[in-house]
Amino acid sequence: GRMLCADGLQQNQVRIRGAVRGILPGLDEGTPRRMTQGLNWLLSQGVRALDLSQKGLGKEGTAVVGATLWKHTTLAELDLSLNELGDEGLLNMLRTYNTQEQLSERSEGGARGGTCPLELLRMDQIGLSCKGAGALGSFLSAPASHQVLTNLRTLSLCENNLHDKSDTLVASFCTALATLPKIQAIELNGCSLGDEAIACLCRGLRERLDKNTCTASSFVHSLKLGSNELSPLAARELGEILCLSRQRLGCLMPNLLGLDGNKLGDEGAEILAEVCSTQDTIDAASNSVKTFSLEIGRNNVSPRGLLAFAK
């Protein structure tokens with residue numbers, strides 16, 4: 001029933017491998033009808049975590065996954081990494097939500113579809129470009145999407161080339177992502193992001209901090225931006241968010257900031273070191289230690305930049 005496990009996973013988790021391939025017949029062969037039947041059966045058993053990484057899904061497979069996903073209320077974690085989905089595959093998945101919503105409105109007299117329970121969505125290395133990111137940004141910024149993805153806490157799109165010459169598509173995506181109501185972990189390592197994209201991400205984070213309902217527990221905890229094209233300008237933008245979070249929330253947030261493998265140099269290091277020096281190490285109210293982690297390796301930082309942290 002619920003405990004369909006492989007590779008030592010926890011209860012209610014399924015990793016689709018050879019040992020359990022019979023559960024989803026035709027997954028690798030790309031037979032949509034049989035795949036739909038298998039996914040519907042799995043999710044009807046109350047499965048909460050589904051790992052479909054490296055399964056050769058392709059653009060047709062995501063349409064099946066999307067059509068199934070929006071109808072079920074149990075799945076909390078979905079991993080589609082290392083599949084050749086591309087922009088079209090992601091668009092197929094988003095289109096299936098719009099179709100499901102329209103069907104729901106017709107059948108329920110105008111009522112919207114239910115909330116998707118997804119808390120974690122991984123789509124690392126799926127061949128996404130700035131076009132797909134722009135489409136995802138438009139989806140996330142729609143009021144209906146904030147309802148359907150109201151539980152999303154972690155989104156990972158690592159190792160997708162999102163380089164955007166015009167900066168408009170990725171910028172809209174970054175702004176929309178940062179304003180999701182419960183997002184707490186954003187992973188965009190190796191996405192060829194530049195300073196403009198980070199400025200838009202920070203703009204969205206600033207909007208969240210400006211809301212009276214924002215608290216340290218609900219704000220973004222982890223922001224991973226390693227191996228991109230970030231300069232000291234991005235360090236300054238992120239530094240301002242850290243300072244604002246200290247003023248509004250009483251601590252530096254995100255409390256894990258991954259910036260390794262960029263182009264921050266000594267200037268960027270000095271900006272971030274100055275911000276770090278403002279962090280109180282002890283929470284006076286609870287007498288607990290406040291933690292802040294900064295990953296800044298491989299940024300062409302000389303002894304001058306290191307000295308800023310030493311001070």
Side-chain angles (χ1 to χ4, degrees), residues 119-121 130 133-134 136-143 145-146 149-158 160 162 164 167-189 191-260 262 264 268 271-276 278-279 290-296:
E119 297 178 7
L120 181 150
L121 178 59
C130 60
L136 183 57
S138 298
F139 180 80
L140 294 177
S141 60
S145 303
H146 278 73
L149 292 175
T150 188
N151 293 309
L152 191 64
R153 287 172 167 78
T154 300
L155 179 64
S156 180
L157 293 176
C158 296
N160 288 291
L162 304 183
D164 183 5
D167 286 327
T168 54
L169 295 173
V170 173
S172 65
F173 160 70
C174 288
T175 303
L177 174 60
T179 53
L180 282 176
K182 292 186 180 180
I183 195 74
Q184 293 186 339
I186 299 173
E187 301 178 9
L188 297 172
N189 294 324
C191 290
S192 301
L193 297 177
D195 295 335
E196 181 61 30
I198 302 309
C200 292
L201 184 67
C202 290
R203 190 176 304 135
L205 294 174
R206 197 173 287 111
E207 286 182 20
R208 288 185 65 183
L209 284 169
D210 286 339
K211 294 181 179 178
N212 294 331
T213 55
C214 185
T215 63
S217 60
S218 66
F219 193 60
V220 174
H221 290 182
S222 174
L223 182 56
K224 297 185 177 181
L225 301 169
S227 301
N228 283 292
E229 304 292 330
L230 309 186
S231 77
L233 291 176
R236 190 171 300 281
E237 290 279 356
L238 291 165
E240 290 176 2
I241 290 298
L242 291 171
C243 289
L244 185 60
S245 68
R246 183 177 59 81
Q247 295 172 10
R248 303 285 170 82
L249 307 177
C251 57
L252 296 180
M253 298 288 287
N255 53 20
L256 170 57
L257 182 57
L259 295 172
D260 52 307
N262 281 285
L264 302 182
I271 291 169
L272 294 169
E274 183 177 357
V275 174
C276 291
T278 65
Q279 169 80 320
K290 294 181 182 179
T291 60
F292 174 71
S293 300
L294 175 64
E295 299 171 357
I296 198 175

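Bear in mind that the values here come from a model prediction, so they are computed numbers and not experimental data. All residue numbers refer to positions in the sequence shown, counting from 1.
- A distance of 9.5 Å separates OG1 in Thr168 from CD in Glu196, rounded to the nearest 0.5 Å.
- For Pro254, the side-chain contact (heavy atoms from CB on, under 4.5 Å) partners are Val220, Leu223, Leu242, not counting sequence neighbours.
- The side-chain hydrogen bond (donor to acceptor under 3.5 Å, both in side chains) test applied to Thr215 returns Ser217, Ser218, not counting sequence neighbours.
- For residues 220-235, the salt bridge (Lys or Arg N to Asp or Glu O under 4.0 Å) pairs, not counting sequence neighbours, are Glu229-Lys263.
- Smallest separation of non-hydrogen atoms from Gly226 and Asn189: N-OD1, 2.7 Å.
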TODO: Carefully, step by step, assess Leu264 and Leu230 under the rule side chain to side chain contact (heavy atoms under 4.5 Å, CB included).
DONE: CA-CA 6 Å; Leu264 302 182; Leu230 309 186; 4.2 Å; yes
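- With values rounded to the nearest 0.5 angstrom, Leu157 atom CG is found 10.0 Å from Ile186 atom CD1.
- Among residue pairs with one or both ends in residues 210-222, those qualifying as salt bridge (Lys or Arg N to Asp or Glu O under 4.0 Å) are Asp210-Arg248; sequence neighbours excluded.
- Note that SG of Cys174 and CG of Leu169 are 11.0 Å apart. Values are rounded to the nearest 0.5 Å.
- In this structure, the salt bridge (charged side-chain N to carboxylate O under 4.0 Å, His left out) partners of Glu237, at least two apart in sequence or on a different chain, are Arg206.
- Nearest heavy atoms, Ala176 versus Leu140: CB-CB, 3.9 Å.
- For Asp260, the side-chain hydrogen bond (donor to acceptor under 3.5 Å, both in side chains) criterion is met by Arg298, not counting sequence neighbours.
- The CG atom of Leu272 lies 10.0 Å from the CZ atom of Arg236; values are rounded to the nearest 0.5 Å.
- A heavy-atom distance below 4.5 Å is found between the side chains of Glu295 and Leu256.
- Partners of Arg203 under the salt bridge (charged side-chain N to carboxylate O under 4.0 Å, His left out) rule, at least two apart in sequence or in another chain, do not exist in this structure.
- Legend: residues meeting side-chain hydrogen bond (donor to acceptor under 3.5 Å, both in side chains) with Asp195, ordered by chain and number and at least two apart, are Ser231.
- The nearest pair of heavy atoms linking Ile241 to Cys202 is CD1-O, 3.4 Å.
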TODO: Evaluate the criterion side chain to side chain contact (heavy atoms under 4.5 Å, CB included) for residue pair Leu249 and Cys214; output intermediate values, then yes/no.
DONE: CA-CA 8 Å; Leu249 307 177; Cys214 185; 4.2 Å; yes
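- Shown here for Asn255 and Thr291, the closest heavy-atom pair between the two residues is CB-O, 3.4 Å.
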- [ ] Take Leu121 and Ser156 through the side chain to side chain contact (heavy atoms under 4.5 Å, CB included) test and state the conclusion after the steps.
- [x] CA-CA 6 Å; Leu121 178 59; Ser156 180; over 6 Å; no
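- Interatomic distance, Leu177 CG to Cys200 SG, rounded to the nearest 0.5 Å: 12.0 Å.
- Checking side-chain atoms of His221 against main-chain N and O of Ile183 turns up no donor-acceptor pair under 3.5 Å.
- Taking OG from Ser138 and CZ from Phe173, the interatomic distance works out to 11.5 Å, rounded to the nearest 0.5 Å.
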Open item on the list: Between Gln184 and Phe219, does the side chain to side chain contact (heavy atoms under 4.5 Å, CB included) criterion hold? Intermediate values first, please.
Closed with: CA-CA 6 Å; Gln184 293 186 339; Phe219 193 60; over 6 Å; no
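- Between Asn262 and the choices Leu193, Asn228, Ile296, the side-chain contact (heavy atoms from CB on, under 4.5 Å) rule is met once, by Asn228.
- Listed by chain and number, the residues in a side-chain hydrogen bond (donor to acceptor under 3.5 Å, both in side chains) with Ser192 are Asn161 (sequence neighbours excluded).
- Partners of Ala178 according to the side-chain contact (heavy atoms from CB on, under 4.5 Å) rule, which considers only residues two or more places apart in sequence or in another chain, are Leu201, Leu205.
- By the side-chain contact (heavy atoms from CB on, under 4.5 Å) test, Lys182 pairs with Asn151, Arg153, sequence neighbours left out.
- Remark: side-chain polar atoms of Ser245 are paired, donor with acceptor, to backbone N or O of Met253 under 3.5 angstrom.
- Residues Cys276 and Leu252 share a closest heavy-atom pair of CA-CD1, 4.2 Å.
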